Amino acid sequence: MFISLWEFFYGNFFRYWMKWILRQITGKCELQRIFDTYVGAQRTHRIENSLTYSKNKVLREATHVMQSQVDKCVEDIMKEKNINPEKDTSFKICMKACLLQISGYKQLYMDVENERKKPYDSDNLQHETLLLKLWNLLMPKDKLKARISKQWADIGFQGDDPKTDFRGMGILGLINLVYFSENYTTTAHQILSRSNHPKLGYSYAIVGINLTEMAYSLLKSEALKFYLYNFVPGIPTMEHFHQFYCYLVYEFDKFWFEEEPESIMYFNLYREKFHEKIKRLLLDSNVALTLKI
């Protein structure tokens, strides 16, 4: 109750008057003060909040601008806030960079969601080719004897036909597995080998798909904003999402062997423990998660 009242008064009264007082003192609007004070993810995050909670319609709608309309949007914001481009020469550049990150994050989520919604289709040649590519990347010395085969268990699928394992994450799960195996082939081979450990082993492909779900849920909940705003100076893309996925795969394997679970039956417990660890890291506005191999 108290929190709700505070949010109401802050949003409708206190914030407005604080902004007005600071403008009188500094001669600058809130957006300009943010640019003067913050950099990186903190800057973009604060600009996004300032625009979102503004009473000005032009500013509120700026967080939903299409990338092709960013330049015009910046001009509209400057007009609304009476910002002279000759006096504040950096405002236009800074605002454009922030809007590209903000709109880019939203577009990235839509792109990821579109891939997730596509079910694996064994009648789709592209899907089948991608699946066989995964096998060849992970098992270059072993020929797949048949499309439906128990050999798929060798790379961590549950049944004779991997398509059933992609139900939750659709084709996105396969795209991520292939991306990691193709771009970090040596590391992928090492992790696959470790996943066959007699005591601490786990199903490589199934865990990989599970980590796709983790990356997707973090993106959807906007928990990846600090990370992407720091990691990508421009527009975040699918490439950056795949890179984050690769970080999760590598770090989860390390985490799993460090924790030494008693059994694979405890997977969900340790998966959630790892999930919480990543979420805590992502709360840091200066977060920088890099894959160190």
Side-chain angles (χ1 to χ4, degrees), residues 108-197 200-220 224 236-254 256 264 267-268 271 274-275 291 293:
L108 174 59
Y109 170 69
M110 289 189 287
D111 292 343
V112 170
E113 179 71 350
N114 285 337
E115 295 300 323
R116 187 191 70 84
K117 286 182 177 179
K118 293 178 185 175
Y120 183 91
D121 182 2
S122 55
D123 293 325
N124 186 314
L125 181 59
Q126 289 183 328
H127 292 188
E128 287 287 285
T129 301
L130 201 60
L131 180 59
L132 293 176
K133 182 178 182 178
L134 177 65
W135 175 268
N136 291 328
L137 284 166
L138 292 175
M139 307 291 283
K141 296 180 180 179
D142 297 321
K143 185 177 180 180
L144 188 65
K145 296 175 182 177
R147 168 63 179 78
I148 309 296
S149 169
K150 293 188 182 299
Q151 285 179 279
W152 289 110
D154 295 343
I155 60 173
F157 286 103
Q158 290 181 327
D160 296 349
D161 189 350
K163 74 175 185 180
T164 58
D165 293 324
F166 294 117
R167 287 173 182 167
M169 286 290 106
I171 196 65
L172 180 65
L174 177 56
I175 291 172
N176 273 343
L177 283 168
V178 170
Y179 183 93
F180 181 67
S181 301
E182 187 171 28
N183 290 275
Y184 302 96
T185 307
T186 301
T187 304
H189 288 167
Q190 292 170 349
I191 293 177
L192 176 60
S193 177
R194 281 159 61 87
S195 74
N196 290 317
H197 189 280
L200 300 175
Y202 57 84
S203 298
Y204 176 86
I206 296 300
V207 170
I209 295 169
N210 198 289
L211 292 173
T212 289
E213 192 282 327
M214 185 182 294
Y216 164 76
S217 67
L218 289 168
L219 178 71
K220 183 179 180 180
L224 289 189
T237 65
M238 285 290 287
E239 177 75 14
H240 302 116
F241 177 77
H242 295 326
Q243 283 292 322
F244 178 68
Y245 167 80
C246 292
Y247 173 85
L248 291 182
V249 172
Y250 184 74
E251 290 298 321
F252 178 80
D253 180 72
K254 279 172 49 181
W256 181 262
I264 192 63
F267 174 78
N268 287 337
R271 189 260 190 202
F274 177 72
H275 190 195
L291 186 56
I293 296 176

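From a predicted model like this one, the values you see are computed outputs, not experimental measurements.
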Taking 4.0 angstrom as the limit, do [X] and [Y] come out as a salt bridge?
X: R271; Y: E213; result: yes
X: E182; Y: K133; result: yes
X: D161; Y: R147; result: yes

- [ ] Please list, chain by chain and in numerical order, all residues satisfying ring pair (Phe, Tyr, Trp, His ring centres under 6.0 Å) with W152, sequence neighbours excluded.
- [x]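 Per chain and number, W152 pairs via ring pair (Phe, Tyr, Trp, His ring centres under 6.0 Å) with W135, F157.
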Open item on the list: Checking H197 now: which residues fulfil ring pair (Phe, Tyr, Trp, His ring centres under 6.0 Å) with it, not counting sequence neighbours?
Closed with: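 Ring pair (Phe, Tyr, Trp, His ring centres under 6.0 Å) check on H197 returns F257.
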- [ ] Carefully, step by step, assess R116 and I171 under the rule side-chain contact (heavy atoms from CB on, under 4.5 Å).
- [x] CA-CA 6 Å; R116 187 191 70 84; I171 196 65; over 6 Å; no
Any side-chain heavy-atom pair of [X] and [Y] under 4.5 Å:
X: F244; Y: L219; result: no
X: L138; Y: Y204; result: yes
X: I175; Y: L130; result: yes

Which atom pair, heavy atoms only, marks the closest approach of [X] to [Y]?
X: D165; Y: G159; result: OD2-N, 4.1 Å
X: L177; Y: S181; result: O-OG, 2.8 Å
X: C246; Y: F180; result: SG-CD1, 3.5 Å
X: A146; Y: S149; result: O-CB, 3.3 Å
X: S203; Y: G156; result: CB-O, 3.4 Å
X: G201; Y: I264; result: O-CD1, 3.9 Å

So, [X] side chain and [Y] main chain: donor-acceptor pair closer than 3.5 Å or not?
X: N136; Y: L132; answer: yes
X: S195; Y: L192; answer: yes
X: N176; Y: I209; answer: no
X: Q151; Y: K145; answer: yes
X: H240; Y: T237; answer: yes
X: Y245; Y: G208; answer: yes

Calculate, to the nearest 0.5 Å, the distance between atoms [atom1] and [atom2] belonging to [X] and [Y] respectively.
X: F274; Y: W256; atom1: CZ; atom2: CH2; result: 12.0 Å
X: L131; Y: F166; atom1: CG; atom2: CZ; result: 5.5 Å
X: E115; Y: L174; atom1: CD; atom2: CG; result: 10.5 Å
X: D253; Y: I191; atom1: CG; atom2: CD1; result: 4.5 Å
X: H275; Y: L248; atom1: NE2; atom2: CG; result: 9.0 Å
X: R194; Y: K254; atom1: CZ; atom2: NZ; result: 9.5 Å

Open item on the list: Y120 and side chain to side chain donor-acceptor pair (under 3.5 Å): which single residue from E128, H127, R167, K163 fits?
Closed with: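 Going through E128, H127, R167, K163 one by one, the side chain to side chain donor-acceptor pair (under 3.5 Å) with Y120 is satisfied by E128 alone.
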